[in-house]
There are 2 protein chains.
Amino acid sequence: MSTSLSNAPYHHGNLRHALLDAALLMLQRDGEAGLGLRDLARAVGVSPAAPYRHFDSRAALLEALAVTGFQRFTAAMNAVAASQPPDLLAAMGQAYVRFALDNAALFRLMFSPQLKRDNRPGLRMAADAAFATLRQVSGGDTASGRIAALAAWTKVHGLAVLLLDDQIALQPGEDIEALIGAIIGQQ
Amino acid sequence: MSTSLSNAPYHHGNLRHALLDAALLMLQRDGEAGLGLRDLARAVGVSPAAPYRHFDSRAALLEALAVTGFQRFTAAMNAVAASQPPDLLAAMGQAYVRFALDNAALFRLMFSPQLKRDNRPGLRMAADAAFATLRQVSGGDTASGRIAALAAWTKVHGLAVLLLDDQIALQPGEDIEALIGAIIGQQ
DNA sequence: ACCTGAACACCGTTCAAGT
DNA sequence: ACCTGAACACCGTTCAAGT
């Protein structure tokens, strides 16, 4: 469901949106390295120079994608918290890893070192807002609470990354949701 | 300590080594995206086509770098185990995170999704050998031992990645070794 | 056997010019 | 205000040719 090979005139201010939509598709399909600005322009039916009316550079386009990624992540986490599950920590951990697996290339982009390199404030703010949602589950303001929260975060994030990189092998008949649950539950 | 702007004749079979040495320097300084094959050839004082006598493609060169990365990682982990520290788990965790922080770009390359994409067996083997060193600390062959080992690994790996990405803030006066120790010690 | 020179098909980006 | 066409300075890669 989305703008694709339309040759309609884009003079209505929707080119930016069309570019982001198409870019997200290309990202999911080919990864960050496969997301060329000229390819993107071609896919949207516009000249190679046109995207530069809306994004300063390829990096700026990637940053915009990463920002929407953090926003989706924030929404997903808030939805979990709002549903008041019996075990909030486990539920948010599951959702964290699920998000990473369901949005692999986007998740990787959100943590791309090249993007932080030219650290734009927009990305930082979106990331901070995203991680702030995790604090709903943290163990208060004590020093030991902070360590416990960091330990939980690193475990879940590491699990997401290693699963994404295909470094953790499932046992025969084991399903991934159960594995996630077991590792998160593991004190 | 290394070959640099030498204009000596490379007809002795050492060009491959010189390329890898220079590539590692460029990788550490400019990251993977900044490692251009033409730049590399220039740095070593050779024509743009010369590297192709020793590496099929840029991806193959990156893979060779990643393989040496896994070998260094393996050596570092084995050294820790051989030193028989009182708390093996904590010591290996510290070494794991240290390695990541001290070899940031290399560590990222070792887990680069683009490299796995065209999954060469050499990379997989080097990675498997590297992670096999971690099993020296695992909790046996029981199901719960496996989960405990995976939980420890994901925690340490997540900590490494989040520190690398500058996502974890140190408290004033806090030193990073202590933070690592606290998080790893946290059951 | 190992390297060079020149070429090919691409990039991201810029800039004058069009509407 | 928004987009096109053509150009610039690069890439990775190939291939004939040199020694």
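Here is the naming used below: chain letters follow the sequence lines, and residue numbers restart at 1 for every chain.
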Which base, if any, makes a Watson-Crick or G-U wobble pair with D/dT4, both distances under 3.5 Å?
C/dA16

Taken to the nearest whole Å, CZ/B/R53 to C1'/C/dT4 is 11 Å

Nearest whole Å is fine: how far is C/dT13 P from A/F55 CZ?
13 Å

Between D/dT14, D/dT4, C/dT14, which nucleotide gets closest to the side-chain atoms of A/Y52?
C/dT14

side-chain N/O B/R42 vs D/dC11 OP1/OP2, d < 4.0 Å
yes

Given atom CG of A/L62 and atom P of C/dG12, what is their separation to the nearest angstrom?
10 Å

What integer distance in Å separates B/R38:CZ from C/dC3:P?
17 Å

Given D/dT14, C/dC3, C/dT14, the nucleotide with the shortest approach to the side chain of B/A49
D/dT14

So, are A/E174 and B/R146 salt-bridged, with charged N and O less than 4.0 Å apart?
yes

Please state whether the rings of A/H157 and A/W153 are parallel, tilted or perpendicular, taking 30° and 60° as the class boundaries.
perpendicular

Separation of D/dT13 atom P from B/L37 atom CG, nearest Å, is 6 Å

When the nearest nucleotide of DNA chain D is assigned to B/G36 and to A/A50 on a heavy-atom basis, which residue is associated with the more 5' position?
A/A50

Decide if the gap between the ring center of B/F73 and the ring center of B/Y96 is smaller than 6.0 angstrom.
yes

How many Å lie between CD on B/E32 and P on D/dC11, as a whole number?
15 Å

Gap between atoms CG and C1', on B/L15 and C/dC3 respectively (whole Å)
9 Å

Considering only NZ, NE, NH1 and NH2 on the basic side and carboxylate oxygens on the acidic side, decide whether A/R124 and A/E63 come within less than 4.0 Å.
no

Under 4.0 Å, counting only non-hydrogen atoms across every strand here, what does A/R58 touch: a base, just sugar-phosphate, or nothing?
sugar-phosphate

Could you state the atom-to-atom distance from CG of A/L35 to P of C/dC11 in whole Å?
12 Å

Got A/D165 and A/V161 here, is their nearest side-chain heavy-atom distance under 4.5 Å?
yes

With both distances under 3.5 angstrom, what nucleotide forms a Watson-Crick or G-U wobble pair with C/dC10?
none

